[in-house]
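Okay, structure first, notes after.
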Amino acid sequence: MGLLEDLQERIVIADGAMGTLLYSHGVDRCFEELNLSKPEDILHIHEAYIAAGAEVIQTNTYGANYVKLARYGLEDEVPSINRAAVRLAKQAAKNKAYVLGTIGGLRSINKSAVSIDEIKRTFREQLFVLLNEDVDGLLLETYYDLEELKTVLVIARKETDKPIIAHVTLHEVGVLQDGTPLAEALAQLEQLGADVVGLNCRLGPYHMIRSLEEVPLPSKAFLSAYPNASLPDYRDGRLVYETNTDYFKETALAFREQGVRLIGGCCGTTPKHIEAMAIALTDRTPVQTKTVKQRHISVSISSDEPNAAPPLQDIVRKRRSVIVELDPPKKLGIAKFLEGAKALKEANIDALTLADNSLATPRISNMALGTIVKEQLGIRPLIHITCRDRNLIGLQSHLMGLHTLGITDVLAITGDPSKIGDFPGATSVYDLSSFDLIRLIRQFNEGLSYSGKPLGQKTNFSIAAAFNPNVRHLDKAVERLEKKIQCGAHYFITQPLYSEQKIEEVYEATKHLETPIYIGIMPLVSARNADFLHHEVPGITLSDEIRSRMASCANDPVQSAREGIAIAKSLIDAAFDLFNGIYLITPFLRYEMTVELVRYIHEKEQAAQEREVLHG
């Protein structure tokens, strides 16, 4: 009789956490490596769970893959660590418990951290070792990313007929982090061949039971649940779980009522927790029917402001559009900034873009200045958002704040690393990549937080993304553009370009895309400015000709500014007939330079329209 046959007849008890016990004994390193260096410790933990009543144990291989072992310099030990883990588990089981080969998820909040190709390669390497050691089944656990779990499940199902348990992990009750309802996700896993589907980690019994209340009994697969002991507390630099074992007795019965047939534990659980559940479930008879609670998500569509202007991506598709960047000041006091913003508005720009601590240098909050120019001057602010300064919590709070202030235009970018700025010792967060941030903003537009929790309203963000054509292989940069479009980008803003030829190359490389592009142009103010941009600012390259032109007037500040304007106008000329969007970057708050360029663009546009009428 096998595991699936047992599950057909009764509820089966699984083991609890391995890492929690090792951690409680002072082990704070690679747990999987202990299969080789401290095999007796792993063996004793397996034996303790079996003695507590576990009929299913999992190998100590959750993180025994190339990616995670590489953090400890153990990437070449994937086969030996996994082989040792299976043999230890079998030694403990002595044919009295089933042994599941465990493979943990790689992705967490940062979807771009590990590519699908790397996931496939890493998974296959671990999978084949576990299968060659003849485990009784596979446990795919702690998968926050449904795409990743579905990908590896398909691979595993093709390679083996052994039972496969597929577990997702939730941040919020009843919904995955991409917004997929739990019931729908488990149904997809069942359809892809999982024999047992369910949950593990992150949630304690209370929230896990609430999540399962919305899940019907599968038609072919069985339900499973491996809850955490509780929410963790953080004391003296260590995570502590408080839940007592009597609580697990009570919740074990509640899990049975939800149709769970395989029940174990995750973080914080010990043999005592497993023993409590085994005692509570002396009657292992599973339920055959259950009442499913319907999930009701209330998300209202936020009404637009009266007479709200169309989004920039619509404007630039229909006509010439000019947006201007005016950096928030590094020092307190915004009189000159507001003077420049007002002059740019009078020059008739479509939006004022505000960088987010550019070059990792502290500046006045762009959200604060964006609110001021919107309310006091009637200018559309385009707020840059970097992944550098805020963690996932802060980014979501920031987006909710922007929505509340009525600011809907944002540029999602990675952000310059802290080490290049005024405070090189400051931490760069980078919980998300720019791709992930774009996805997050798109999900906000659907009314869902990153964890899938309803926001109560749908935001209406117009999402700009960055495009750096100043690279050796332009085709690779265009591939990044296409990926950002898939993530949800509505239009693009380029780094400053200083070559007419490059502008033409960008047009040829992107003309197949329907997504609009604003070409970045920043007037130079001096030869030193030109050299600094060329040699020291990431993503900006100047041609030898332009640097030579600026060098020729290096000792004359007035002539240098005129030459910088002349160069910028020639670049505008090159972009004019190829791109509707022009993005002007103001150097050093010298807004009079960008005002002149804005007027130049409008004059060209008016002249072009007059010629069209004349020859029409």
Side-chain angles (χ1 to χ4, degrees), residues 1-16 46-47 49-59 89-90 92-102 131 134-141 153 156-157 160-168 182-183 186-187 189-200 205 208-209 211-227 248-266 269 271 273-292:
M1 197 175 203
L3 175 59
L4 297 182
E5 288 76 16
D6 278 343
L7 289 170
Q8 184 69 44
E9 301 295 329
R10 61 187 180 85
I11 296 171
V12 175
I13 304 296
D15 59 359
H46 285 317
E47 291 172 339
Y49 276 119
I50 294 171
E55 305 162 275
V56 174
I57 61 173
Q58 57 181 295
T59 57
K90 285 188 172 184
K94 297 177 182 177
N95 296 320
K96 294 185 293 186
Y98 297 107
V99 173
L100 300 179
T102 297
L131 292 179
D134 197 28
V135 291
D136 297 312
L138 297 171
L139 173 60
L140 311 179
E141 68 167 10
L153 174 58
R157 189 75 289 170
T160 184
D161 293 328
K162 293 179 181 292
I164 299 177
I165 296 94
H167 280 172
V168 298
L182 175 61
L186 298 186
L189 297 174
E190 180 185 18
Q191 188 174 14
L192 291 174
D195 299 293
V196 183
V197 295
L199 296 164
N200 83 288
M208 198 169 281
I209 291 167
S211 297
L212 289 170
E213 288 174 348
E214 301 170 0
V215 177
L217 296 177
S219 57
K220 296 180 181 178
F222 303 107
L223 283 179
S224 59
Y226 284 43
F248 260 60
K249 284 184 182 179
E250 300 170 12
T251 57
L253 298 173
F255 276 115
R256 178 172 65 178
E257 294 305 308
Q258 294 309 317
V260 171
R261 297 205 186 190
L262 177 64
I263 182 168
C266 204
T269 57
H273 292 88
I274 301 305
E275 182 180 25
M277 291 194 296
I279 292 172
L281 293 171
T282 302
D283 178 5
R284 301 290 178 85
T285 306
V287 300
Q288 302 296 330
T289 61
K290 65 178 285 191
T291 301
V292 179

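Looking at heavy atoms from C-beta onward, Leu182 lies out of side-chain contact with Glu214 at the 4.5 angstrom threshold. At a threshold of 4.5 Å between non-hydrogen side-chain atoms, the residues Leu3 and Val56 count as touching. Residues Leu131 and Lys162 are in side-chain contact: their nearest non-hydrogen atoms beyond the backbone lie under 4.5 Å apart. Inter-residue side-chain proximity for Val260 and Ile11 is flagged as unmet; no heavy-atom pair is nearer than 4.5 Å. For the pair Ile209 and Thr251, the minimum side-chain heavy-atom distance is below 4.5 Å. Two residues are said to be in side-chain contact when any heavy atoms from C-beta on lie closer than 4.5 Å; Ile13 and Ile274 meet this criterion.
Residues satisfying the side-chain hydrogen bond (donor to acceptor under 3.5 Å, both in side chains) test with Thr102, not counting sequence neighbours, are Gln58. Applying the salt bridge (Lys or Arg N to Asp or Glu O under 4.0 Å) test to Lys249 and every residue at least two apart in sequence or in another chain returns nothing. Remark: Asp15 pairs with no residue by the salt bridge (Lys or Arg N to Asp or Glu O under 4.0 Å) rule, at least two apart or across chains. Residues forming a side-chain hydrogen bond (donor to acceptor under 3.5 Å, both in side chains) with Lys90 (at least two apart in sequence, or on another chain): none. Take Ala166 and apply the side-chain contact (heavy atoms from CB on, under 4.5 Å) test, not counting sequence neighbours, and it matches Leu149, Leu189, Ala194. For Glu47, the side-chain contact (heavy atoms from CB on, under 4.5 Å) criterion is met by Leu43, His44, Ala92, not counting sequence neighbours. Under the salt bridge (Lys or Arg N to Asp or Glu O under 4.0 Å) criterion, Asp6 pairs with Arg10, sequence neighbours left out. For Gln288, the side-chain contact (heavy atoms from CB on, under 4.5 Å) test picks out Arg261, Pro286, with sequence neighbours left out.
The two residues Ala280 and Ala252 come nearest to each other via the heavy atoms CB-CB, 4.1 Å. For Ala89 against Ile57, the heavy-atom pair with the smallest separation is O-CD1, 3.5 Å. Closest approach of Leu199 to Met208, counting heavy atoms only: CD1-CG, 3.4 Å. Closest approach of Leu138 to Ala156, counting heavy atoms only: CD1-CB, 4.0 Å. In terms of heavy-atom proximity, Pro205 sits nearest to Phe248 at CG-CE1, 3.7 Å. When all heavy atoms of Gly16 and Thr269 are compared, the closest pair comes out as CA-OG1, 3.4 Å.
Residue pairs that meet the salt bridge (Lys or Arg N to Asp or Glu O under 4.0 Å) test with at least one member in residues 276-288, sequence neighbours left out, are Glu55-Arg284, Arg256-Asp283.
The backbone N or O of Ile164 sits less than 3.5 Å from a side-chain atom of Asp195, completing a donor-acceptor pair. Within the 3.5 Å criterion, the main-chain N or O of Phe255 finds no donor-acceptor partner in the side chain of Gln258.
Of the residues Val196, Thr59, Leu100, the one that meets the side chain to side chain contact (heavy atoms under 4.5 Å, CB included) test with Leu139 is Leu100.
Atom-to-atom distance recorded for Leu212:CG and Lys290:NZ is 6.0 Å, nearest 0.5 angstrom.
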Please report, to 0.1 Å, the donor-acceptor pairs under 3.5 Å made by any side chain of residues 216-226, with sequence neighbours excluded.
residue : atom : partner : partner atom : Å
Ser219  : OG   : Glu190  : OE2          : 3.2
Ser224  : OG   : His167  : NE2          : 2.5

